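Only one structure is covered here, and it is reproduced in the block below.
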Amino acid sequence: MKTQMLENGTVIDHLPAGTGLRCLDILKKQNIGEESIIIFINVPSNVLGKKDMIKLQNFYIDEKMATFLSLIAPHVTINIIHEHTVTKKVKPTLPDTIEGLIPCINSRCITNTEGYMTEYDIKSKQPVVLKCRYCEFEFTPD
Amino acid sequence: MTIQFQKDLVNINDLSNEHIEYLFKVADKMKATIENKEKGVLCEGKILATLFYEPSTRTRFSFESAMHRLGGSVIGFSSTEGTSVSKGETLADTIRTIANYVDIIAIRHPNEGSARVASLYSKVPVINAGDGGHQHPTQTLLDLYSIQLRKHQLKGLNVLLSGDLRFGRTTHSLSIALARFGANLFFASPPGLEMPDYIIHTLKEEYNLTPGIANDIREYIHVSDVIYMTRVQRERLGEMEYLQYRGSYVLTNELLKSAKPDAMILHPLPRVDEISKEVDDDPRALYFEQAYNGVPMRMALIATLLGVEK
């Protein structure tokens, strides 16, 4: 894959095969606007065997979004591109706790009925298992 | 010896084993004051709010009885009709308001995690009186106290939890607490009403306890020192699902023939049909004594969280 094709923007690499569209759905909620998006699915990968990849023209993702993507794709690599050159390469690491980002999967959780900010302890990083601090429900985001 | 408690009781894990043993001793004293018909004075001038967003008989009445017996007074609601909740007020706003009027709050709410929200927004102590299918820590305290009074220990006991373990919140708090005290656990429930994975996971990971699991109470009844029954949680199931489970497990005198002669039969109540009425006459049936123990234990908890217990 030629990152040079992107003049400015972000390349989200090492997404497990099959997770690219889900990640794209999440990214599209972040006001990407009318910028071009390229998604590659089932690309051969030395690390993962097969992987998905997303390129965002003229859009840079923040640290919070990088953490969010790492919940779904623990091996994700974020490449920041300026003028065809990778100026920053980030491999986000999961913290021990996270706030917000995703709703609790338990429909009976109070955070889903009255809109309180979710809080999770990360019980396991591989595979990712979150434990809601409100209802204590444990789940794997996917 | 003074022992420091957290401001709130939201989760049974807010209490250490030392806290719980301390509450046993305070509850013993409270029990004596009830039985000696002493006038309570510890909470004179204090007000308890009972905010019950869901129906309750034993829990609300025993909280209110406990506060009255401590010499305090009670305000609250037992349904949201006639309150601002029915106008759409959030839990956080209700709590921030009520906390201005009272010294301590007991809350029951249908959503899981609601007691934690209440504790975060309240300046006065909050006691979780049941949050959805999540936890019911004061029930756990009185369950532990009931077992302690009869068996004089918790460590090494074989405790069988049976019934709707999926939504029966009392069993969630109780199994964690029993594991902490070193009891052995056995779970018997119909397929589909099993103990949630996160509880099993916590028992294994944090307490190195692998519970015995079965779909039929007969598998473990003969080895159990405590047989803890729960009803099908109709309010958390669809009607068709409820009908599928109703009557699918019933503790009868016939089944109890294989139980230990000194086994304790407990139930958080209300009972529907999971313990046959004929069992009430069995001296091992202790669920009404268990319900009584809720008053001294809640007296102990209220007095302790208010810092008036000496």
Side-chain angles (χ1 to χ4, degrees), chain A residues 16 18-19 22 26 29 63-65 67-76 92-142, chain B residues 8 10-14 51 53-54 80 84-85 88-96 107-121 126 128 130-137 166-167 169 172-173 175-176 195-206 233 235-238:
Chain A
T19 63
R22 164 104 171 94
I26 293 161
K29 292 174 185 162
E63 191 180 335
K64 186 177 172 186
M65 181 53 58
T67 301
F68 193 0
L69 292 173
S70 69
L71 289 171
I72 299 163
H75 299 288
V76 68
T93 53
L94 278 178
D96 294 330
T97 61
I98 58 166
E99 291 185 359
L101 296 177
I102 51 173
C104 180
I105 198 171
N106 176 10
S107 60
R108 299 180 304 276
C109 181
I110 188 75
T111 58
N112 284 317
T113 56
E114 292 196 0
Y116 302 103
M117 182 181 279
T118 53
E119 295 174 36
Y120 303 99
D121 291 317
I122 297 182
K123 299 291 288 181
S124 161
K125 295 187 179 180
Q126 188 71 306
V128 176
V129 178
L130 306 181
K131 182 173 185 173
C132 174
R133 283 195 177 171
Y134 287 88
C135 70
E136 297 193 287
F137 217 77
E138 292 184 8
F139 63 98
T140 297
D142 54 21
Chain B
D8 312 292
V10 170
N11 189 306
I12 195 64
N13 284 333
D14 293 338
L51 311 183
Y53 291 73
E54 276 193 323
T80 55
S84 288
V85 176
E89 185 173 60
T90 64
L91 176 60
D93 285 357
T94 301
I95 293 294
R96 277 188 285 214
I107 180 170
R108 169 167 292 187
H109 193 282
N111 286 118
E112 292 156 23
S114 51
R116 180 164 191 261
V117 168
S119 73
L120 293 175
Y121 286 92
V126 169
N128 182 4
D131 59 337
H134 179 219
Q135 283 234 345
H136 192 352
R166 178 176 163 206
F167 293 116
R169 58 191 167 200
H172 301 169
S173 317
S175 55
I176 298 293
M195 188 64 86
D197 287 343
Y198 80 90
I199 298 284
I200 306 277
H201 179 78
T202 301
L203 293 172
K204 283 183 184 167
E205 294 297 313
E206 296 185 22
Q233 299 281 307
E235 64 275 32
R236 306 193 201 289
L237 292 167

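Keep in mind that this is a model prediction, so the values were computed, not measured.
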Best-contacting candidate, A:Glu136, A:Glu138, A:Lys131, A:Arg133, against chain B by heavy atom pairs under 4.5 angstrom: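 Sorted descending by pairs with chain B, the first entry is A:Glu136.
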
Give a yes or no on this: more than 12 heavy atoms of other residues, nucleotides or ligands lie within 6.0 Å of atom NZ of A:Lys125.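 Atom NZ in A:Lys125 is crowded, with more than 12 foreign heavy atoms closer than 6.0 Å.
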
Proximal component of [X], with respect to chain A [non-hydrogen, under 4.5 Å]:
X	result
B:Ala92	both
B:Gln135	side chain
B:Ile199	neither
B:His172	neither
B:Asp197	neither

Parallel, tilted or perpendicular, judged at 30° and 60°: which one describes the rings of B:Tyr121 and A:Tyr116?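 Ring orientation of B:Tyr121 relative to A:Tyr116: tilted.
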
Hey, can you tell me if A:Tyr120 and A:Phe139 have their rings parallel, tilted or perpendicular (30° and 60° cut-offs)?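 Geometry flag for A:Phe139 against A:Tyr120: perpendicular rings.
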
Measuring from B:Ile107:CD1 to B:Asp131:CG, what's the distance to the nearest 0.5 Å?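 These two atoms lie 9.0 Å from each other.
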
I'd like to know which of B:Asn11, B:Leu91, B:Thr202, B:Leu120 tops the heavy-atom pair count under 4.5 Å against chain A.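 Among the listed options, the one with the most contacts to chain A is B:Leu91.
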
Taking the basic N atoms (NZ, or NE/NH1/NH2) and the acidic carboxylate oxygens, is any pair closer than 4.0 Å for B:Glu54 and B:Arg169?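 Counted as a salt bridge, because a side-chain N and a carboxylate O are separated by less than 4.0 Å.
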
